[in-house]
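Just so it is clear: chains get the letters A, B, ... in the order the sequence lines come, proteins before strands, and each one is counted from 1.
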Amino acid sequence: MEFEDLGYNVEILGQKGFNGVALLSKLPFDEITYGFEGSKTATLEKEQARLIEGVFSTENGVVRVCNIYLPNGNPVNNPENTGTFSDKFTYKLNWMNRLNEFVKERLTYEEPFILMGDFNIIPSPIDCHNPKAWWGDALYRTESQEKFRTLSNMGMVDALRAVSEEPNYSFWDFQAGAWRKNSGIRIDFLMLSPQAVDNLEYVKTHSEARALERPSDHVPIEGGFSFRQT
DNA sequence: ATGGTCGCTAAGCGA
């Protein structure tokens, strides 16, 4: 694997052709958590591969980093349109409930904790180019936004919004010339515990990556920290 | 309202 050749420690939780998350680290992993179940085998048996967490030791203490791929949840309604939510949207809401419980526990540790990844949530109108077009979508409806807001209510801070009021989109669809029209959305975040916010130096959205050849539809969000002695 | 574009994997699905 080429990332190992570059000196990274690599941990992956993946389901080929479906879901997957990974962490690369130059520091060794002290602990790894695969999904809400914790172990790789239990998680792959019982749930989708959407969460991986590593704990690292620095000379100034521990840092906990969790990468997620939150379910998309579309289409929201059942095809018969009886007003009932689809299995996919229900899975999304339940997954968010479990995430919120997971984060609540992490916050009791009072560690620098970084929760990052594809949240598949557009938190507010400023986070999309055309709010009207997204209304009712699984990424932009009250049920989803409320559960995302629970993270802030518990004390997690949206790192980008701590430093910028500009839209800073992280995703532009491959379809309908979305990149050309700057019809983007901000759905990828670094959410920080208070102890992580205290050490945040900068956040940078690498929108230039969307103009590469054969790009991803997402772009990287870089967070810079300088962890001090505690 | 539909289809628009990708990746994965070899037809159709999910995003």
Side-chain angles (χ1 to χ4, degrees), chain A residues 1-3 10-24 35-36 40 43-52 66-99 115-125 127-145 147-148 160 167-191 205-221:
Chain A
M1 272 292 289
E2 50 189 308
F3 287 117
V10 180
E11 290 294 336
I12 299 171
L13 180 68
Q15 293 167 305
K16 200 170 169 61
F18 295 94
N19 318 111
V21 283
L23 289 171
L24 311 187
F36 296 122
K40 198 179 262 193
T43 292
L44 292 177
E45 256 172 41
K46 295 185 184 173
E47 62 187 57
Q48 299 174 10
R50 294 181 177 274
L51 182 149
I52 188 168
C66 181
N67 186 25
I68 63 166
Y69 174 35
L70 202 149
N72 177 296
N74 280 308
V76 170
N77 294 116
N78 278 319
E80 288 74 23
N81 201 14
T82 52
T84 55
F85 289 148
S86 69
D87 289 348
K88 287 189 175 175
F89 192 58
T90 303
Y91 190 86
K92 176 176 194 155
L93 295 180
N94 289 336
W95 201 92
M96 292 183 81
N97 285 340
R98 285 196 287 173
L99 177 68
L115 175 70
M116 64 186 187
D118 177 358
F119 283 70
N120 270 316
I121 299 283
I122 302 166
S124 71
D127 299 307
C128 59
H129 186 259
N130 184 4
K132 281 180 189 161
W134 287 95
W135 185 249
D137 190 279
L139 280 62
Y140 190 96
R141 53 186 294 132
T142 311
E143 294 88 346
S144 313
Q145 290 170 329
K147 292 200 186 295
F148 176 74
L160 188 121
N168 286 282
Y169 302 140
S170 67
F171 172 98
W172 293 261
D173 205 292
F174 287 125
Q175 302 185 63
W179 170 244
R180 180 175 47 79
K181 293 187 281 195
N182 192 30
S183 179
I185 54 179
R186 193 174 72 96
I187 57 174
D188 301 273
F189 314 117
L190 279 73
M191 300 296 290
T205 302
H206 286 271
S207 46
E208 76 281 358
R210 189 61 178 79
L212 296 171
E213 272 192 52
R214 292 188 61 212
S216 168
D217 40 11
H218 296 256
V219 299
I221 319 292

Beyond-backbone contact of A:Leu160 with A:Phe189, side-chain heavy atoms, under 4.5 angstrom: no
For nucleotides B:dT2 and B:dC6, find the distance between their P atoms and express it as a whole number of Å. 23 Å
I'd like the C1' distance from B:dA15 over to B:dG3, given in whole Å. 15 Å
Quickly work out the A:Gln175 CD to B:dG7 P distance and round it to whole Å. 13 Å
Give a yes or no on whether the backbone of A:Phe85 and the side-chain of A:Asn77 come within a donor-acceptor separation of less than 3.5 Å. no
Take A:Arg214 and A:Lys88, find for each the nucleotide of DNA chain B with the closest heavy atom, and name the residue whose nucleotide sits nearer the 5' end. A:Arg214
DNA chain B: A:His218 or A:Asp173, which has the more 5' nearest nucleotide? A:Asp173
Just checking A:Phe171: base, sugar-phosphate only, or nothing, at a heavy-atom cut-off of under 4.0 Å? nothing
Side chain to side chain donor-acceptor pair (under 3.5 Å) assessment of A:Ser124 paired with A:Asp127: CA-CA 6 Å; A:Ser124 71; A:Asp127 299 307; 2.9 Å; yes
Take the protein atom CD of A:Gln15 and the nucleotide atom P of B:dC13, then report the distance between them rounded to whole Å. 19 Å
Rounded to whole angstroms, how far apart are CG on A:Asn72 and C1' on B:dC13? 13 Å
Expressed in angstrom and rounded to an integer, what is the separation of A:Trp172 atom CH2 from B:dA15 atom C1'? 17 Å
Could you tell me whether A:Arg141 sits above the aromatic face of A:Phe89, with NZ or CZ closer than 6.0 angstrom to the six-membered ring centre and within 45 degrees of the axis? yes
Atom CG of A:Leu212 and atom C1' of B:dC6 are separated, to the nearest Å, by 16 Å
Measure the distance from CG on A:Asp217 to C1' on B:dG4 and round it to the nearest whole Å. 14 Å
Would you mind reading off the distance between A:Phe18 atom CZ and B:dC6 atom C1', rounded to a whole angstrom? 17 Å
Can you tell me how far C1' of B:dA15 sits from CZ of A:Arg50, to the nearest Å? 11 Å
Side chains of A:Ile121 and A:Leu139: closer than 4.5 Å at any heavy-atom pair? no
Does B:dC8 have its OP1 or OP2 closer than 4.0 Å to a side-chain nitrogen or oxygen of A:Lys16? no
